[in-house]
Number of protein chains: 2
Amino acid sequence: MQITPAELEIMNVLWDQPGIGASEIAEELKDDKSWNIRTIKTLVGRLVEKGALTTEPDGRRYLYRPAIKRGDYQKKAAKQFVDRMFGGRAAPLVAHLADSRGLTPEDIADLEALLGELKK
Amino acid sequence: MQITPAELEIMNVLWDQPGIGASEIAEELKDDKSWNIRTIKTLVGRLVEKGALTTEPDGRRYLYRPAIKRGDYQKKAAKQFVDRMFGGRAAPLVAHLADSRGLTPEDIADLEALLGELKK
DNA sequence: CCTCATTGACTACGGTTGTAGTCGATACGT
DNA sequence: ACGTATCGACTACAACCGTAGTCAATGAGG
């Protein structure tokens, strides 16, 4: 299931607040994206078509919630990205992130803990 | 400069072997992708248009080479991906890769070395 | 009740992407 | 010198993407 960047914005809102309607999504996004409510409804419609969202009637409207878990999607996307971009090797990716200051000290601490786990 | 997935396949070949022509690219890709030579020429043409490749005449054909460094492009793409997908946090990405076996023992060793550097 | 705002369904439309065909020029084998 | 393969330039075209408009139904407010 392919989710485009614009659609991902919608998914992110719904992963944070499952079970809201289109206008609540619009409300949530209005500061970041200047999207017309129509645009949001189109994106939501496409996500429903793709099976990425489930619908639940609520009066004359629908409430939406993700049909896939955020973590599952992230994992698949991460693997695909690393494969395409780095031939499947993760270390160069992390090196680049470090180099472009993508890593905070907190990230580094997290990674250390993670590596400790992995070595076991 | 936006490079699409299909175009990236071309770039990867040329980053490995700069200065070859379209038919050599096709030769290189024929095992992985079943692309018509026309398709490859179209992709190469679009990359030249975008300024991602430079051309050098060689008889009646061109030799191509990347106009941007692989590392630079990877760095930019990695940052963009982490921003969009993980809100800029790298650690969850690495955790997902580890979970989906994206990390070989060698990767883990590399990461350890890298973290050692970063802590300094 | 009547008007107005809002909803989902459907439609629109220009740009991008993947995939490839056509065409005219040209090099290469015989 | 002639046919054939190959080159780059141009063209094609459907699917997808971002962005939004139209429409008919329906609910909310006076």
Side-chain angles (χ1 to χ4, degrees), chain A residues 1-14 17 19-67 73 77 80-81 83-85, chain B residues 1-14 19-65 67 73 77 80-81 83-85:
Chain A
M1 165 179 350
Q2 187 54 29
I3 293 178
T4 73
E7 289 165 1
L8 184 60
E9 299 285 338
I10 308 286
M11 294 302 287
N12 275 326
V13 171
L14 285 168
Q17 301 172 61
I20 62 178
S23 50
E24 285 93 338
I25 297 174
E27 182 59 25
E28 201 60 33
L29 286 171
K30 78 171 162 19
D31 293 329
D32 300 293
K33 328 287 294 182
S34 52
W35 276 341
N36 191 293
I37 179 70
R38 304 291 161 200
T39 301
I40 290 172
K41 291 186 180 202
T42 299
L43 292 171
V44 168
R46 286 178 184 167
L47 285 166
V48 171
E49 250 176 53
K50 290 183 196 187
L53 296 180
T54 62
T55 61
E56 166 194 347
D58 171 46
R60 83 195 167 100
R61 66 181 196 152
Y62 289 126
L63 303 182
Y64 304 96
R65 59 186 80 234
Y73 183 73
Q80 199 180 329
F81 178 76
D83 282 349
R84 276 225 326 262
M85 205 61 201
Chain B
M1 165 177 352
Q2 185 56 25
I3 293 178
T4 73
E7 289 165 359
L8 184 59
E9 298 285 339
I10 308 286
M11 294 302 287
N12 275 327
V13 171
L14 285 167
I20 62 178
S23 50
E24 284 94 337
I25 297 174
E27 181 60 24
E28 201 60 31
L29 287 172
K30 79 171 163 20
D31 293 330
D32 301 292
K33 329 287 293 184
S34 53
W35 275 342
N36 190 293
I37 179 68
R38 305 291 163 200
T39 300
I40 290 172
K41 289 183 183 204
T42 299
L43 293 172
V44 167
R46 286 176 185 169
L47 285 166
V48 171
E49 250 175 53
K50 290 183 195 185
L53 295 179
T54 62
T55 60
E56 166 195 347
D58 172 47
R60 83 194 166 102
R61 67 181 196 154
Y62 289 126
L63 302 183
Y64 304 96
R65 59 186 80 234
Y73 183 72
Q80 200 181 327
F81 178 76
D83 284 349
R84 275 225 326 262
M85 204 63 201

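Here is the naming used below: chain letters follow the sequence lines, and residue numbers restart at 1 for every chain.
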Worksheet item: For Arg61(B) and Ala6(A), take the nucleotide of DNA chain D holding the closest heavy atom to each; which residue's nucleotide lies nearer the 5' end?
Response: Arg61(B)
Worksheet item: Mapping Arg60(A) and Lys50(A) onto DNA chain D by nearest heavy atom, which one lands closer to the 5' end?
Response: Lys50(A)
Would you say [X] and [Y] make side-chain contact, with heavy atoms under 4.5 Å?
X        : Y        : value
Met85(B) : Leu8(A)  : yes
Val13(B) : Ile20(B) : yes
Ile10(B) : Trp35(B) : yes
Val44(A) : Lys41(A) : no
Arg61(A) : Asp58(A) : yes

Atom [atom1] of [X] to atom [atom2] of [N]: distance rounded to whole Å?
X        : N       : atom1 : atom2 : value
Gln2(B)  : dG15(C) : CD    : P     : 17 Å
Glu24(A) : dT7(C)  : CD    : C1'   : 12 Å
Tyr62(B) : dA27(C) : OH    : C1'   : 16 Å

Discussion item. Using a 4.0 Å cut-off on heavy atoms, which residues in residues 39-47 of chain B reach DNA chain D? List them by number, or say none.
Written reply: Lys41(B), Arg46(B)
[X] has a side chain; which of [options] sits nearest to it?
X        : options                   : answer
Trp35(A) : dA9(D), dT7(C), dA20(D)   : dA20(D)
Asn36(A) : dG21(D), dT26(C), dG18(C) : dG21(D)
Arg38(B) : dA20(C), dT17(C), dT6(C)  : dA20(C)

[X] vs [N]: side-chain N/O to OP1/OP2 distance below 4.0 Å:
X        : N       : result
Tyr64(B) : dC7(D)  : no
Ser23(B) : dC7(D)  : yes
Thr4(A)  : dC16(D) : no

Worksheet item: Counting only N and O atoms by type, is there a donor-acceptor contact under 3.5 Å from the side chain of Glu24(A) to the main-chain atoms of Gly21(A)?
Response: yes
